[in-house]
Q: 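Below: one structure in structure tokens.
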Amino acid sequence: QVQLVESGGGLVQAGDSLRLSCATSGRTLSNNAKAWFRQAPGKEREFVAAISGSGGTTVYADSVKGRFTISRDDAHKMVYLEMNSLKPTDTAVYFCARRRFTTATMGPADYTYWGQGTQVTVSS
């Protein structure tokens, strides 16, 4: 099974920026869509951003549009989430995920492989 490991989380102040990284190990095809989800305590897992297999299409949740940017580096099996203008409501465990198809989608069930998550805490 493909493995994904997130890193880059931490404690920041509102308005700060943070870059999350996700490293993939194992056999992986470069044309699979990848995404970031987040989950706050007591809440359901929430879609954040996704990028198509080609990297040409990105999809963002309304709550992060204009603030977050997803990107990928297939040569190094990496996916990134650049987060700017962070808000306390962005506080959550962030997960990276990979699906078996190329289209960037927003549903957690569309993604087959998941990382363990990295904590992002934004204080006010």
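Because the structure is predicted, anything quoted here is derived from the model rather than measured. Values reported hereafter were calculated over all heavy atoms of this structure, with side chains retained and with hydrogens, waters and symmetry mates removed.
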Q: Between Met78 and Leu81, is there a shared hydrophobic cluster once you connect ILVMFWY residues whose side-chain heavy atoms come closer than 4.5 Å?
A: no

Q: Look at the aromatic rings of Phe47 and Phe37 and report parallel, tilted or perpendicular, splitting at 30° and 60°.
A: perpendicular

Q: Report, one line per pair, each donor and acceptor closer than 3.5 Å where one atom sits in a side chain of residues 100-110; sequence neighbours left out.
A:
residue, atom, partner, partner atom, Å
Arg100, NE, Thr112, OG1, 3.3
Thr105, OG1, Asp110, OD2, 2.9

Q: Taking side chain to side chain donor-acceptor pair (under 3.5 Å) as the definition, give me every residue that meets it alongside Ser85, ordered by chain and number, with sequence neighbours left out.
A: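 If we apply the side chain to side chain donor-acceptor pair (under 3.5 Å) test to Ser85, skipping adjacent residues, there are no hits.
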
Q: If Ile, Leu, Val, Met, Phe, Trp and Tyr residues are connected whenever their side-chain heavy atoms lie under 4.5 Å apart, and connections chain through other members, are Leu4 and Tyr80 in the same group?
A: no

Q: Show, in sequence, the C-alpha distance, side-chain angles and deciding distance for Asp74 and Lys34, and conclude whether the side chain to side chain contact (heavy atoms under 4.5 Å, CB included) test is met.
A: CA-CA 11 Å; Asp74 293 320; Lys34 297 180 179 179; 4.1 Å; yes

Q: Which salt bridge (charged side-chain N to carboxylate O under 4.0 Å, His left out) pairs, counting each pair once, include a residue from residues 51-64, with sequence neighbours left out?
A: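 Counting only pairs at least two positions apart or across chains, the salt bridge (charged side-chain N to carboxylate O under 4.0 Å, His left out) contacts touching residues 51-64 are Asp62-Lys65.
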
Q: Under a 4.5 Å side-chain heavy-atom rule over Ile, Leu, Val, Met, Phe, Trp and Tyr, are Met83 and Val12 clustered together?
A: yes

Q: For residues 2-19, pull every pair meeting salt bridge (charged side-chain N to carboxylate O under 4.0 Å, His left out), keeping only residues two or more places apart or in separate chains.
A: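 Matches after skipping sequence neighbours: none remain.
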
Q: Please round to the nearest 0.5 Å and tell me the distance separating atom OG1 of Thr57 and atom CD1 of Ile70.
A: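 Result: 12.0 Å between the selected atoms.
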
Q: Taking all heavy atoms of Gly56 and all of Ser52, pick out the closest pair and write down the distance.
A: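 Closest pair (atom of Gly56, atom of Ser52, distance): N-OG, 3.4 Å.
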
Q: Is there any salt bridge (charged side-chain N to carboxylate O under 4.0 Å, His left out) pair reaching into residues 115-124, and which pairs are they, with sequence neighbours excluded?
A: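 Listed once each, the pairs would be none.
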
Q: Which atoms form the tightest heavy-atom contact between Ala33 and Arg72, and what is the distance?
A: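 Shortest heavy-atom contact: CA-NH1, 4.0 Å.
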
Q: Does Trp36 offer a backbone N or O that forms a donor-acceptor pair with the side chain of Tyr111 under 3.5 Å?
A: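 Not a single qualifying donor-acceptor pair exists.
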
Q: For residues 80-93, which residue pairs qualify under salt bridge (charged side-chain N to carboxylate O under 4.0 Å, His left out), counting only residues two or more places apart or in two chains?
A: Arg38-Asp90, Arg67-Asp90

Q: Heavy atoms only: give me the nearest Ser124-Pro88 pair and the separation to one decimal.
A: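 Ser124 and Pro88 have their closest heavy atoms at CB-CG, 3.9 Å.
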
Q: Grab the two heavy atoms, one from Ser63 and one from Glu46, that are nearest each other, plus how far apart they are.
A: OG-OE2, 4.0 Å

Q: Could you tell me whether a side-chain N or O of Thr91 sits under 3.5 Å from a main-chain N or O of Val122, the two making a donor and an acceptor?
A: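 Present.
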
Q: Checking Thr118 against Ser7 for the side chain to side chain contact (heavy atoms under 4.5 Å, CB included) test, could you report, in this order, the C-alpha distance in whole Å, the side-chain angles of both residues, the deciding distance, and whether it holds?
A: CA-CA 6 Å; Thr118 185; Ser7 62; 5.6 Å; no

Q: Between OG1 of Thr24 and OH of Tyr113, what distance do you get to the nearest 0.5 Å?
A: 11.0 Å

Q: So Leu20 and Phe95, do their side chains get closer than 4.5 Å, heavy atoms only?
A: no

